[in-house]
Amino acid sequence: MYRREKPSTGHNPPETAKVERGRVHLGAPFAEGMSDHRIAILPGDGTGREVAIEAMRILDTVQAHTNHGFEQVSIPCGGQHYKETGEEWAEGSFDFCRDEADAIFLGAIGYPGARLPNGDLAGGSVILGMRAGLDLYANVRPIKLYEGVPHKVHGKFTQIWEPGMVDMTVLRENTEGLYHALLRRSADRALGREEYTPPEMTFPGLEGEIAYDPRPISSKGTERLVRMGFDIATTRNGAPSDGEKRVSCIDKSNVTRGCQLFRRVFDDVAKSYPSIGTDHGYIDAFMQWLTRTPEYYDVVVLSNMFGDIATDLGAVLQGGMGMAASGNVGDNHAFFEPVHGSAPKHAGQNKVNPIASINSIQMMLDWLGRKNGEDELVKIASLIDDSVAEHLKNGNSLTYDLGGTASCTDVGISISNILSGKLSEL
Ligand code: IPM
Ligand code: MG
């Protein structure tokens, strides 16, 4: 069984790991006989702090019933932290996530009015800095509708899409495209490098003040994303409509050069996966098909900004942003986060849906298990999915976004209790 090396901190830290302004302190060594995983928990801003508690509850539950131990190291960060301390996160936090953590959970980043002197989002070093600085090139966003989840439209709860007919995995490119300059700047800050500025360009025919963001797309960035898409397709059961394993390339190659390259690389990679079907679509048309025939989609790959936009629409099919989980995944590192933001207007009320975060932990354990060849962790991840499904099917403890009155804590405890039962039968 996989064991991580004992931390070589050279000092005797207190029982629980902590972060103080200016420096991250590592936790105590793991207990003997445990399969140990060190998880960095970045609660961030607003409701991110509330859902992080439920994510941690799931890890605690797994630890209580199995031989998988999790040392959870909480790192304050984000826009509010920046306003209070002048730092997006304590010095050493990025290094800790890169060098000491086996996996990372992030709640949400974004605090009203929290901007860096250069105008960038305060907290960007955390979310965007890790995406680029840890080379997490694929943002993996499953879109799955569970039984018992209604759709909120026109202020009413109705069933628009059918459970079983919405089950796809979207891969959003995560290190380049329209986000490239901002990602690069954020990683530069996280790594203490000099900040990147894109070269000046001229735009003939335009007048007045001009702002622009370059949208570079590389063959390497596309190839590794598409390859992961095909690899994920091999592990899934195919599209709900016909059971066919299929990867869809969604782009705007009728218009942009970057997308032409993206599609060409996709077609090249597809040749090495002859048993998996392919499909092509333009992003604008995809917005229609995603809502009208979601059952056709199995795995979808898109460039960065298209993936950002498409997955918020995809979340509607799942029952809303409170249901949308994600993993920012590279070859060596990964961080897992709910797709929703910090939702400042709901913060402090213990009312938001923690399922996106609980399912992000599910993705984390699946990733850790596959990476380290720990089949039991992969199994545990699937039990978290079963527990979420059972909780939703029972339908008696739902948060406001799904038409209920339960609190974030209620839902977290309910799912943890179901999971405890399943784990004790392992
Ligand atoms: C997301 C979010 C982020 C993004 C924001 C918070 C920078 O919308 O993860 O989808 O644009 O990538
Ligand atoms: Mg987004």
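In each ligand, atom 1 is the first atom listed, and ligand 1 is the first ligand listed. The first residue in the sequence is number 1, and the count goes up from there. Please read these numbers as outputs of a predicted model, since none were measured by experiment.
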**Message:** Among all the protein's non-hydrogen atoms, which is closest to atom 2 (C) of ligand 1, and how far away is it?
**Reply:** D308 OD1, 4.1 Å
**Request:** Between H340 and ligand 1, find which residue part has any heavy-atom pair under 4.0 Å and reply side chain, backbone, both or neither.
**Result:** neither
**Residue portion contacting ligand 1 (non-hydrogen atoms closer than 4.0 Å) for M305** = neither
**Prompt:** Do D60 and Q72 have a side chain donor and acceptor closer than 3.5 Å?
**Reply:** yes
**Message:** Could you check whether N174 and Y179, counting side-chain N and O atoms only, form a donor-acceptor pair closer than 3.5 Å?
**Reply:** no
**Request:** Considering non-hydrogen atoms only, spot the tightest contact between E295 and A239 and give its length.
**Result:** O-CB, 3.5 Å
**Residue and atom, protein N/O/S, under 2.8 Å of the Mg ion (ligand 2)** = D308 OD1
**atom 4 (C) of ligand 1 within contact range, any protein heavy atom under 4.0 Å** = yes
Please set out all donor-acceptor pairs under 3.5 angstrom arising from side-chain atoms of residues 356-363, sequence neighbours excluded.
{"from": "N359", "atom 1": "ND2", "to": "Y146", "atom 2": "OH", "distance (Å)": "3.2"}
{"from": "S360", "atom 1": "OG", "to": "E337", "atom 2": "O", "distance (Å)": "3.2"}
{"from": "S360", "atom 1": "OG", "to": "A356", "atom 2": "O", "distance (Å)": "2.7"}

**Asked** Do the side-chain N and O atoms of T175 and R131 include a donor-acceptor pair separated by under 3.5 angstrom?
**Response** no
**Message:** Among all the protein's non-hydrogen atoms, which is closest to atom 11 (O) of ligand 1, and how far away is it?
**Reply:** Y179 OH, 2.5 Å
**Message:** Angle between ring planes, W161 versus H151, binned at 30° and 60°: parallel, tilted or perpendicular?
**Reply:** perpendicular
**Request:** Determine the minimum heavy-atom distance between H333 and L136, stating which atoms define it.
**Result:** O-CD2, 3.1 Å
**Request:** Starting from atom 6 (C) of ligand 1, find the nearest protein heavy-atom neighbour and note its residue, name and distance.
**Result:** I127 CD1, 4.3 Å
**Message:** If the cut-off is 4.0 Å to any non-hydrogen atom of R141, which atoms of ligand 1 fall inside it?
**Reply:** 1 (C), 9 (O), 10 (O)
**Prompt:** Which pair of heavy atoms, one from Q80 and one from Y111, lies closest together, and at what distance?
**Reply:** N-CB, 3.4 Å
**G78 versus V126, closest heavy-atom pair with distance** = N-CG2, 4.4 Å
